[in-house]
Visitor: 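Provided herewith is a single structure, encoded as structure tokens, for subsequent inquiry.
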Amino acid sequence: MSTYTDADDGYPAATFDPHAMQERWLPVWDEIAPFRSGATDDDRPTKYVLDMFPYPSGDLHMGHAEAYALGDVLARYWVQRGFNVLHPIGWDAFGLPAENAAIKRGVDPAAWTYENIATQRASMRRYACSFDWDRTLNTCDPEYYHWNQWFFLQMYERGLAYRKASNVNWCPNCQTVLANEQVVDGRCERCDTPVTKRKLTQWYFRITEYADRLLDDMDQLVGKWPDKVLTMQRNWIGRSEGAEVEFAISGREEPVTVYTTRPDTLYGATFFVVAADSDLAAELAAGTPAEEEFAAYTERVRATSDIDRLATDRPKTGVFLHRHATNPVNGEQIPVYASDYVLADYGTGAIMAVPAHDQRDLDFARAFDLPVRAVVQSEDDPVETGVATADDGPHINSGPLDGLGTAAAIERITDVLAERGTGRAAVNYRLRDWLISRQRYWGTPIPIIHCESCGEVPVPLSDLPVRLPGSSGLDLKPKGTSPLGAAAGWAEVSCPQCGRPARRDPDTMDTFVDSSWYFLRYLNPRKDDGPFDEDQARRWMPVDQYVGGVTHAILHLLYSRFFTKVLHDMGMVDFTEPFTRLLNQGMVVMEGSAMSKSRGNLVRLSDELAEHGVDAIRLSMVFAGPPEDDIDWADVSPGSSNKFLARAWRLAAGVSSEPGVDPTAGDRSVRTTAHRLIDEASQAIEVYRFNVAVAKVMELVNAARKAIDTGPGPADPAVREAVEAVAILLSLFAPYTAEDMWARLGHGPSVARAGWPEVDPALLVRDEVTCVVQVAGKVKARLTVSPDISADELEALALADESVLRALDGRPVVRAIVRPPKLVNLVPGA
RNA sequence: GCCCGGAUGGCGGAAUGGCAGACGCAGAGGGCUUAAACCCCUCGGCCCUUCGGGGCAUGCGGGUUCGAGUCCCGCUCCGGGCACCA
């Protein structure tokens, strides 16, 4: 451990000892709890600053240290600004790692989880996070997941929670199903195992019902959330506008509807494709000569992993089903194929193929030697080039559409189809319903009872929570079915409706359900007659500032927005978006590579804290760069942060005036510098430029040092004013150092509640400014002038300057741009 | 393939269209010291210089402007998102 001794530097002997300061102030803060937010008589205006809560997988790591340092800057800033800041913390405590630890080491998932929570909580306290410790929550407590179950039943009642059988993402390693959002590049988000498909009956939340609102309400977030996140959400929802068109199929009573974004190319449809894994394909194949070939083909498709399916240059395959579809506009008979390039769960699972203007259809047409007919004029011939064309028009070979551009043709054909009753305008989404059931133990039990005679029966609200049974005696090893199904005495119940023997649903909920509403639970974490207090929600919500990693740009944020809208529709909240402003911090990396758990956490936070102390790490995290950028720890030197902190801290010993001395009696030039820097730092914080704010504090420290050593000296009131400002500003970044300085300056704790230094606007007005004089756009001279100098005066002054004259070299000035008091640009003639 | 970002000294990074490189790291020089560390001060984009200064500089090429790191057009490279979504 290093200390920063200054015994011989001419200042009073003292040692800056970060660890001693930590020991000194922690108990004091515990005592005075400066960040408690729940007092009923608190009349400060409110602000809700929320950090994404951690998963308790072990102790805190470097990523947490960055995130919580950044959130703390904002929370502490608003406290200093006089707000009652709600800055809570809790634990996202359900999930697979607890179970995996249980399987690997035979520990109880609950015990493992609560132990880690205790560890993290202690680390957060030491890290000086400005949390309100009265409001913690754990999602694995029955008092919390009770309300997950309550929400589930509310959703169920509203038709927003339902069960269906479909081909779902399956992780063979985790032995559980995954939501679409948890499949990344065909692999399991958690364990990186290639995901396969299984036909299973699962629970879903009907998030697609909210697709339009999730999209439209983003208007409220523009400029307040990172554009990147909004774009990602828009892409994910993937709204597309087009039309549905009905095709009659030979040998089938009902017509088959297709979805297309290009109904204008209907005359160019030369074949028809249904998704190989759809029920429709099986139905159409049955009883035809293709039946056998089709069966073999679907078998092959099923065996193909998602990874292989993702390869976009995969050759097109398929089976002719010995049937024909009738084009509704021209009566043309076109062959029907089954292929895996059409997705069963998008649109209607069937398409009209227009090979001239769709690359995938063209690829298929070439593979199966099918005709290609261009219906939009283009210089290029898709048959020759192998590239589908995408020109705007005019249309050809298209009857009533001939000569029209794309937009007009779409409008026209949609009308025609609507008139005939064979089609209509339609909207589709990439977004799928949210699959929430998981075949694992450590999660919220789904509150449904399956009865042979009554079917799905919701657990009565009065019976909630459905508690998880203890893990002892249960086999938690993943085996594809829920461990809870084998929990003797738990799974078997009597039906709430008919009283006959029935079984509990053995699945647990996706843990993203837990995190979709936790920000509301913080308002009254101990409330036992409802999920949250609606009055408190009116007082605090929506969250003013959310801070967290961009890894949750889609999943968690989309689900939380969905939940909020459902709550709005239930009349429980009066807002439609939960998070007003969002800050995504970057990652902490080491020499370019991520410090994930799988890579063994290249740098350990506990080691860094032991070596440099809390303040130096916090300050390094904030000063390293803009918060949204990644930090390469190899570029960071926490030692130099301590150097700076020690330098700041020593300022306190350089102040000899008494606390409360009138600053207006102090040196004016010291004051103007200090007030300007305080103002600049404040502005930087409000726009998340924390690194710049720290730079301003550094400048303030340099200015104060100079004022003490070679300026008006230690007794000047302006020096006290500046040094006190250093302590207060520093309290956002380095709370221990700031508190210690504050005490040395003669004040009681806590500097965290000292109040932000007020900037005197009169001191921001400069009495002289530097004016730049350019000749032909290049700086040739600098003049010191009064800020309210007139343009004429300034120009005359510039023209009289010696180096300006030299640069002009006798040439006449043909134009003079004069912007008093900052700039003069003289443009000489040729 | 489509959609977003980004590129500034040896390094991290600053700059409402108006002094490019704030602040810091690493470096050099000096002070303090028996010495080192710590601390304090000074210097610092590159090239040339008769030491007055001059030239070139924000990925590359154009443009707008009195003036461009900043705005516009066209590239290159890097990062991210989506991707057989009809």
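Note on naming: letters A, B, ... go to the chains in the order of the sequence lines (proteins, then strands), and numbering restarts at 1 for each one. All heavy atoms count here, side chains included; hydrogens, waters and symmetry mates do not.
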Visitor: Taking syn as any angle within 90 degrees of 0 and anti as the rest, which one fits B:G81?
Guide: anti
Visitor: Under a 3.5 Å cut-off for both contacts, is B:C2 paired Watson-Crick or G-U wobble with anything, and if yes, with which nucleotide?
Guide: B:G81
Visitor: Would you mind telling me which of B:C23, B:G54, B:C25 lies closest to the side-chain atoms of A:Lys780?
Guide: B:G54
Visitor: Please name the pair of heavy atoms, one in A:Thr208 and one in A:Arg432, separated by the smallest distance, quoted to 0.1 Å.
Guide: CG2-C, 3.6 Å
Visitor: Contact class for A:Ser339 vs. all strands (heavy atom < 4.0 Å): base, sugar-phosphate, or nothing?
Guide: nothing
Visitor: Can you tell me which nucleotide in B:C84, B:G67, B:A20 comes closest to the side chain of A:Asn825?
Guide: B:G67
Visitor: Select base, sugar-phosphate, or nothing to describe what A:Phe623 touches, counting heavy atoms under 4.0 Å on all strands.
Guide: base
Visitor: Under 4.0 Å between any heavy atoms, over every strand shown, what does A:Gln359 touch: base, sugar-phosphate, or nothing? Just pick one.
Guide: nothing
Visitor: Is B:G52 in the syn range, within 90° of 0, or in the anti range?
Guide: syn
Visitor: At under 4.0 Å between heavy atoms, what does A:Lys696 touch on the DNA or RNA strands: base, sugar-phosphate, or nothing?
Guide: nothing
Visitor: Regarding A:Val772, tell me which of base, sugar-phosphate or nothing describes its non-hydrogen contacts under 4.0 Å with the strands shown.
Guide: base
Visitor: For a quick check under 3.5 Å, do A:Asp380 and A:Thr385 share a side-chain donor-acceptor pair by atom type?
Guide: no
Visitor: Watson-Crick or G-U wobble partner for B:G52, using a 3.5 Å limit on both distances?
Guide: none
Visitor: With respect to the side chain of A:Asp629, which nucleotide from B:C84, B:G13, B:C11 is positioned closest?
Guide: B:G13
Visitor: Determine the contact category for A:Lys228: base if any of its heavy atoms lies under 4.0 Å from a base atom, sugar-phosphate if only primed atoms, P, OP1 or OP2 are that close, otherwise nothing.
Guide: sugar-phosphate
